[in-house]
Protein chains: 2
Amino acid sequence: MTTHILKGDRSASCDELFKALSDGTRRTLLEYLVREGEQSVHALTAISGVSQPMVSRHLGKLKRASLVTARRAGRETYYTARAKGLAPVVQWMAVYGALWSQRFTALEELDGY
Amino acid sequence: MTTHILKGDRSASCDELFKALSDGTRRTLLEYLVREGEQSVHALTAISGVSQPMVSRHLGKLKRASLVTARRAGRETYYTARAKGLAPVVQWMAVYGALWSQRFTALEELDGY
DNA sequence: CCATTTCATAACCATCTGATTATGAGAAGC
DNA sequence: GCTTCTCATAATCAGATGGTTATGAAATGG
């Protein structure tokens, strides 16, 4: 009963993760956090192209998807990208992407990046 | 000007891909196609839990995201999972997941799968 | 203490999206 | 030829979602 939990366990977090990643603004925020490290809402608003309340809401979704963590310091809130948050999606990719073609051959074609 | 095209090129397909993958029913269809190979709309409807028109529409989205291909044979249409379709997402993962933590360490924790 | 900064929440709106039923167009079978 | 099967599209609808402005709470700084 421990193995073979393809559905039911992962799918919930996968759903939240894929949904979180399916928005361009959200990905922009996440990408910026990954590249630049911990950032305040203020800084994120500056680069997001949307209003501050919207940034807060996007960050909230990323947080609920476990893709970021928040740290309050005075009046600022600093958000940080959370590495392990992507794990369920990576697993999904590994199962279906790999099962289905060569094991992440595409990774070798990255070069430029 | 040739390199550093993180945005603009990939983001379009990434958006469509993540959106396509962000729906549970769509993932179920795709997963089934990956595991069982080419399937008719009829067969996919049987396992989807939703109506046939909805299955057609979901397949349409998967097709536009380049995740499946369609082959008409008589009155049936057979859909097939398309391996390379995931590439942009895999690349995104590689760039941000890797840049951000150890290079896909999560993959090593797959065991059960 | 008052003004300002920083953030989150509320109220609201337009649009997208998933789902349904109804319909229509082609193939197959009798 | 008529019926049946397979699929896609149209018409609709409820609810989620991205966006905005307005507001409020809490911390900082004169």
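Chain naming here is simple, since letters A, B, ... match the order of the sequence lines and numbering starts at 1 in each.
- If you take CD on B:Q39 and CD on B:E76, they are separated by 11.5 Å, rounding to the nearest 0.5 Å.
- Residue-level contact check: B:T25 touches the backbone only, with heavy atoms under 4.0 Å from sugar-phosphate atoms and none from bases.
- When heavy atoms are screened at a 4.0 angstrom cut-off, A:S40 is found touching the sugar-phosphate backbone but no base atom.
- Phosphate proximity of D:dT17 to A:H58: absent, as no side-chain N or O sits under 4.0 Å from OP1 or OP2.
- In the set C:dC7, D:dC7, D:dA10, the nucleotide with an atom closest to the side chain of B:H42 is D:dC7.
- One can place CE of B:M54 at 12 Å from C1' of C:dC16, the figure rounded to the nearest angstrom.
- Residues A:R27 and B:Y96 have side chains not in contact (no heavy-atom distance under 4.5 Å, counting atoms from C-beta outward).
- Taking 3.5 Å as the limit, the base of D:dC7 and the side chain of B:R75 contain no donor-acceptor pair of atoms between them.
- Proximity of A:T28 to A:S48: side-chain heavy atoms (C-beta onward) are nowhere separated by under 4.5 Å.
- For A:R26 and D:dT17, the shortest distance from a side-chain N or O to OP1 or OP2 is not below 4.0 Å.
- In this structure, B:Y79 does not reach the D:dT6 phosphate: none of its side-chain N or O atoms is under 4.0 Å from OP1 or OP2.
- Computed from coordinates, the B:K61 NZ to C:dG18 C1' distance equals 8 Å when rounded to whole Å.
- One distance of note links CH2 of B:W92 with CG of B:L86; it measures 14.0 Å at 0.5 Å rounding.
- Heavy-atom contacts from other residues, nucleotides or ligands closer than 6.0 Å to CZ of A:R64 number 12 or fewer.
- In this model, a side-chain donor or acceptor of B:Q52 finds a partner on the base of D:dA8 within 3.5 Å.
- Nearest to the side chain of B:S56, among C:dT9, C:dA19, D:dT9, sits D:dT9.
- Residue order along DNA chain D, read from the 5' end via each residue's closest nucleotide, puts A:S22 first among A:A73 and A:S22.
- Listed pair A:R72 / D:dA26 fails the phosphate criterion, with no side-chain N or O lying under 4.0 Å from OP1 or OP2.
- The residue B:T77 sits close only to the backbone: its heavy atoms come under 4.0 Å of sugar-phosphate atoms, none of a base.
- Nucleic acid contact class of A:Y78 (heavy atoms, under 4.0 Å, all strands): none.
- With C:dA19, C:dA22, C:dA8 as the choices, the nucleotide that has an atom nearest any side-chain atom of B:P53 turns out to be C:dA22.
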